[in-house]
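Every chain is numbered from 1, with letters handed out A, B, ... down the list of sequences. What you see below is based on every heavy atom in this structure, not just the backbone, and it leaves out hydrogens, waters and symmetry mates.
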Amino acid sequence: MVEETVVRLMRTATTTLPVDVLAALERALAEETEEIAKAQLRTILENIRLAEEGRVPMCQDTGVPIFYVSGLWDEGLEAGIRQGVARATREVPLRPNVVHPLTRHNTGDNLGDGMPVVHFSPPKGDFIEIVHMPKGAGSENMSALRMLNPSEGANGIKRAVLEVITKAGGRPCPPTIVGLGVGGTTEEAAYLAKRAVLRPVGRRSLDPEAARLEEDLELMLNRSGVGPMGLGGRTTVLGVSVELAHCHTASLPVAINLQCWAARRCSARIYPDGRVLFRTEGFE
Amino acid sequence: MRIESPLREEAVRELRVGQTVSLTGVVHTARDEAHARMLELLRQGEPLPFDLKGGVIYHCGPIMERRGDEWRVIAAGPTTSARMDGMQAEVIERTGVRAIIGKGGMSRPVLEALAQHGCVYLAYTGGAAVLAAKSVKEVVREHWSDLGMAEAVWELRMREFGPLVVAMDCHGGSLYQEVEAKVNAERERMLRVL
Ligand code: SF4
């Protein structure tokens, strides 16, 4: 059951985009005035349509698999996820991307030590919830962690993000979604930044300060002029999401995770009676 | 505008930054490891198993699927060209390649090599892998399969592959430098008020 669910999660995630991301890309196309920028977005939208129609991955970089699982951990669950990843790699098919970090030897099935990345958390109900995100390297490689001086505050965060996004240029395949993890510790901030990327585009943080930071950053980054694929234009980001955690009085960790326009994700809930529900926009 | 490979030097020298073209003809995919192997052979005076004279290098690691004894391209978008920065100028010089297709642009030494040897850099939309796969008319041959699916050199015959933006031309023009200059000015302006 878990294996089957994982195969379908990976197939759906890599071949279709969530409606909120699609809508944001359509809005971006409407915003652009320059022909080159428009052509990039038109090509992206046409490509998404073709991928969905042919049920093939929209991008050749089908990423490395990340899973957020809420449920009771047992060996069967973890084995099911691993089997699902190997099967999806053959059947979808996905590009085998997972290598040994030093020898660079490719394992061929997207499995390895610590791969897929699986985050377990306690059950939310009588179901197992699996959230999947395939993460491409182009955008992941442009991500950053900054340990700011607390006195730098929100402006310091803005400076750091502005610097990262403008230096990244076209490399993370903009327009991107920017996930920020603010506070916590180094690993907590990095975790939150990636969770932020999973939030549907346009949904604001419930924390008013974080929501203001999201709005300010979206305006600034889109004013920067990087544009689609770094070829210039008005839409550099589709959205900015901020996740907060309280932190030490002497630190201000900020993790910045970038997600390309191919902001792929899919969630599933497996119920005890065998029903499985799939959602690309996630569950509340 | 349509261009066809093999490309003549005069045709390449006519292209200017900002133009949009589509390409018909053969391209060779090549990423980091293929570039490294090309240089290893060429520096020893060995021939390559494929001819790049007038040809096109595509920075791409595709997803391929084998059906019987035929290969089919599933997805073939561009990869980040900057990873090949340190090797590209020499590859251009030694092979006589006339166009590089990729994403994100390349360094100043590559821009200089383009001008010197008559070659252009064409930007293809990052991630637009299915559209690219659709313009592959034939998988001609696979070279260096030992490098693995993504790093191998795939010789592909394309029809009207594009839109490709002339992002670095052979007259020193670079769309990336133009955009970067504007972005840097805008960033400095915003940083001053923060
Ligand atoms: S950054 Fe995203 S869209 Fe671009 S090549 Fe990588 S996975 Fe594909």
Side-chain angles (χ1 to χ4, degrees), chain A residues 14 35-36 39-44 46-54 56-62 92-97 99 104 106 108 136-138 141 155-156 158-159 162-163 165-167 169-174 220 223-233 236 260-262, chain B residues 17-20 29 32-33 60-66 73-83 102-105 123-134 147-151 162-167 175-176 178-191 193-194:
Chain A
T14 51
E35 196 39 52
I36 291 178
Q40 301 309 306
L41 290 162
R42 266 194 237 107
T43 303
I44 287 169
E46 168 74 354
N47 184 72
I48 294 167
R49 198 184 59 73
L50 287 172
E52 196 162 344
E53 204 177 87
V56 289
M58 65 190 77
C59 178
Q60 78 289 340
D61 185 356
T62 46
V92 176
L94 307 175
R95 197 173 70 182
N97 282 331
V99 303
R104 311 308 290 179
N106 195 310
N141 286 348
N155 277 348
K158 289 179 193 169
R159 278 194 291 268
L162 187 61
E163 192 191 313
I165 299 295
T166 52
K167 297 241 158 90
R171 281 177 285 178
C173 287
M220 283 179 72
R223 208 177 290 151
S224 73
V226 172
M229 293 304 143
L231 296 171
T236 303
C260 51
W261 66 259
Chain B
V17 153
Q19 284 178 323
T20 299
T29 69
D32 326 33
E33 293 186 29
C60 165
I63 303 180
M64 307 291 294
E65 190 179 43
R66 190 152 198 147
V73 187
I74 303 288
T79 194
T80 300
S81 299
R83 288 202 318 277
K103 71 161 169 128
Y124 179 60
T125 312
V130 188
L131 195 66
K134 227 186 111 190
L147 295 179
M149 186 194 287
E151 299 286 341
L164 305 169
V165 178
V166 180
L175 195 51
Y176 298 100
E178 286 175 26
V179 172
E180 201 184 304
K182 281 192 218 154
V183 168
N184 287 348
E186 189 58 36
R187 181 183 57 217
E188 293 317 309
R189 207 186 56 74
M190 286 193 270
L191 285 177
V193 297
L194 275 181

Test item: Q60(A) side-chain N/O and A75(B) main-chain N/O as donor-acceptor pair under 3.5 Å = no

Toward chain B, the part of [X] with a non-hydrogen atom under 4.5 Å:
X	value
T236(A)	neither
I36(A)	side chain
Q40(A)	both
A262(A)	neither

Based on non-hydrogen pairs under 4.5 Å, which of V179(B), T20(B), T125(B), L191(B) is most in contact with chain A?
->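 Greatest number of close heavy-atom pairs with chain A: T125(B).
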
Top contributor to chain A contacts, counting heavy-atom pairs under 4.5 Å, from P78(B), G61(B), G127(B) =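 Most heavy-atom pairs under 4.5 Å with chain A: G127(B).
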
Return the minimal non-hydrogen interatomic distance between [X] and [Y], and the atom names on each side.
X	Y	value
M220(A)	M190(B)	O-CE, 3.4 Å
R189(B)	R223(A)	NH2-CD, 4.1 Å
G126(B)	C173(A)	CA-SG, 3.6 Å
T43(A)	P163(B)	OG1-CG, 3.3 Å
P93(A)	I74(B)	CG-CG1, 4.2 Å
K103(B)	G138(A)	NZ-CA, 4.5 Å

Give, as side chain, backbone, both or neither, the part of [X] having an atom under 4.5 angstrom from any heavy atom of chain A.
X	result
L175(B)	side chain
V165(B)	side chain
A76(B)	backbone

Rounded to the nearest 0.5 Å, how far does CD1 of I63(B) lie from CG of N97(A)?
->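 One finds 8.0 Å between CG of N97(A) and CD1 of I63(B).
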
Say you draw a straight line from CZ of R104(A) to CD of E151(B); how long is it, rounded to the nearest 0.5 Å?
->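 Interatomic distance, R104(A) CZ to E151(B) CD, rounded to 0.5 Å: 9.5 Å.
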
From CA spacing to verdict: side chain to side chain contact (heavy atoms under 4.5 Å, CB included), V130(B), E53(A) = CA-CA 10 Å; V130(B) 188; E53(A) 204 177 87; over 6 Å; no

Of I48(A), I44(A), N47(A), which meets side chain to side chain contact (heavy atoms under 4.5 Å, CB included) against L131(B)?
-> N47(A)

Please determine, among L231(A), N106(A), V56(A), the option with the most heavy-atom pairs under 4.5 Å with chain B.
->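 Between L231(A), N106(A), V56(A), the count favours L231(A).
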
Which one of E186(B), R187(B), E180(B) satisfies the side chain to side chain donor-acceptor pair (under 3.5 Å) criterion with T166(A)?
->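 Exactly one option meets the side chain to side chain donor-acceptor pair (under 3.5 Å) with T166(A), and it is R187(B).
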
